[in-house]
Amino acid sequence: MDGFSPEPQWQGKATAKVAGPTADQAWSLLGDFCSLNKWFTSLSACHILEGSNNVPGCIRYCAGSINKANPTESVGWAKERLVEYDKVNRYYTYEIIESNKGFGRYKATLRVQLDPAGCLIEWSFQSDPVKGWSEKAFLSFFESMTRGVAKRLEEEIIGAH
């Protein structure tokens, strides 16, 4: 037993429509496990530490400016393991294995779905309470992050044509 309750205590899902780009166009960019810093503006780094990118078991390192658990530290970082990767159905699931950002157990899935107007980004998570956050504030941040990713995808894909 890992010392945690059987089920994570927090869970949430955020969705954001991406107008214009198809699900396949969006996945061609978001499906890169190590591209998160391109879509999430507060991240300054995202790279592979172990394994091969997009292969379950690989570990990425992400770092950025947000760290509510340790506000005296200028960088918040996390090591995240890819648990599942499905190119056909356009999603991947990952978990935080180490962090200075107040996370205990945390698992999330990023999914790109079909939508008549373009596509839909769906990001869901399950976690133990995160140090420095209320559940409501974390969910609000998570929703804002998902909308930001959708907006940047629109700019990238539509701006390229």
Side-chain angles (χ1 to χ4, degrees), residues 7-48 51-66 68 76-97 99 101-103 105-130 133-161:
E7 293 295 321
Q9 297 172 11
W10 290 3
Q11 55 185 319
K13 178 171 35 174
T15 58
K17 288 190 178 198
V18 182
T22 67
D24 286 337
Q25 286 174 312
W27 181 252
S28 72
L29 299 173
L30 278 184
D32 178 354
F33 185 58
C34 283
S35 71
L36 196 57
N37 58 319
K38 295 176 185 175
W39 315 112
F40 187 28
T41 56
S42 71
L43 285 180
S44 57
C46 185
H47 60 267
I48 287 288
S52 298
N53 192 25
N54 297 343
V55 176
C58 72
I59 297 173
R60 71 181 176 191
Y61 171 86
C62 296
S65 59
I66 297 174
K68 292 187 110 181
W77 58 267
K79 293 179 183 177
E80 301 171 342
R81 177 185 299 119
L82 184 62
V83 175
E84 186 175 4
Y85 187 89
D86 188 329
K87 182 178 178 179
V88 173
N89 294 302
R90 294 179 304 274
Y91 76 89
Y92 63 77
T93 300
Y94 64 97
E95 62 189 356
I96 292 179
I97 57 171
S99 169
K101 296 166 54 168
F103 287 93
R105 194 170 46 162
Y106 175 90
K107 191 177 209 177
T109 299
L110 179 64
R111 183 180 308 268
V112 179
Q113 297 181 319
L114 299 173
D115 184 82
C119 65
L120 187 72
I121 306 301
E122 179 185 286
W123 213 331
S124 59
F125 74 91
Q126 296 179 327
S127 74
D128 290 328
V130 182
W133 294 86
S134 69
E135 184 175 7
K136 183 178 179 180
F138 186 77
L139 186 54
S140 177
F141 170 76
F142 198 78
E143 290 168 346
S144 174
M145 178 178 71
T146 304
R147 286 190 306 271
V149 167
K151 183 177 187 287
R152 289 191 46 91
L153 273 174
E154 286 174 357
E155 292 167 354
E156 179 74 17
I157 295 171
I158 293 171
H161 293 304

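A heavy-atom distance below 4.5 Å is not found between the side chains of Lys87 and Asn54.
When all heavy atoms of Arg147 and Ala16 are compared, the closest pair comes out as CA-CB, 3.9 Å. Here the closest heavy-atom approach between residue Ser127 and residue Val130 is recorded as OG-CG2, 4.1 Å. Across all non-hydrogen atoms, the minimal contact from Ala23 to Val112 is O-CG1, 3.5 Å. Shown here for Lys101 and Gly76, the closest heavy-atom pair between the two residues is CD-C, 3.5 Å. The two residues His47 and Cys34 have their closest heavy-atom pair at C-SG, 3.8 Å. Among all heavy-atom pairs drawn from Leu153 and Ile121, the shortest one is CD1-CD1, 3.7 Å.
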* side chain to side chain contact (heavy atoms under 4.5 Å, CB included) evaluation trace for Cys46 with Cys62 -> CA-CA 4 Å; Cys46 185; Cys62 296; 3.3 Å; yes

* Please walk me through it: do Leu139 and Phe125 pass side chain to side chain contact (heavy atoms under 4.5 Å, CB included)? -> CA-CA 10 Å; Leu139 186 54; Phe125 74 91; 4.0 Å; yes

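Between the side chain of Thr146 and the backbone N or O of Phe142 there is at least one donor-acceptor pair closer than 3.5 Å.
Checking Tyr91 against Gln113 by side-chain atom types alone, no donor-acceptor pair falls below 3.5 Å.
The side-chain hydrogen bond (donor to acceptor under 3.5 Å, both in side chains) analysis of residues 29-42, with sequence neighbours excluded, yields the pairs Asp32-Asn53, Ser35-Trp39.
To the nearest 0.5 Å, the span separating CG on Leu114 from CZ on Arg90 amounts to 4.5 Å. Separating the CD1 atom in Ile97 from the NZ atom in Lys79 is a distance of 7.0 Å, to the nearest 0.5 Å. In this structure, Thr93 OG1 and Gln126 CD are separated by 10.0 Å, a value rounded to the nearest 0.5 Å. Separation of atoms OH (Tyr61) and CD (Glu80) is listed at 11.0 Å; rounding is to 0.5 Å. Note: Trp10 CH2 to Asp128 CG = 9.5 Å, rounded to the nearest 0.5 Å. We find the CD-CD distance between Glu135 and Gln11 to be 8.5 Å, quoted to the nearest 0.5 Å.
Checked for salt-bridge contact, Asp86 and Arg111 miss the test: no charged N lies under 4.0 Å from a carboxylate O.
In this structure, the ring of Trp27 has its center less than 6.0 angstrom from the ring center of Tyr85.
Checking Arg81, Arg60, Lys107 one by one against Tyr94, the side chain to side chain contact (heavy atoms under 4.5 Å, CB included) holds for a single residue, Arg60.
The aromatic rings of Tyr106 and Phe103 lie perpendicular to each other, with more than 60° between the two planes, well past the 30° mark.
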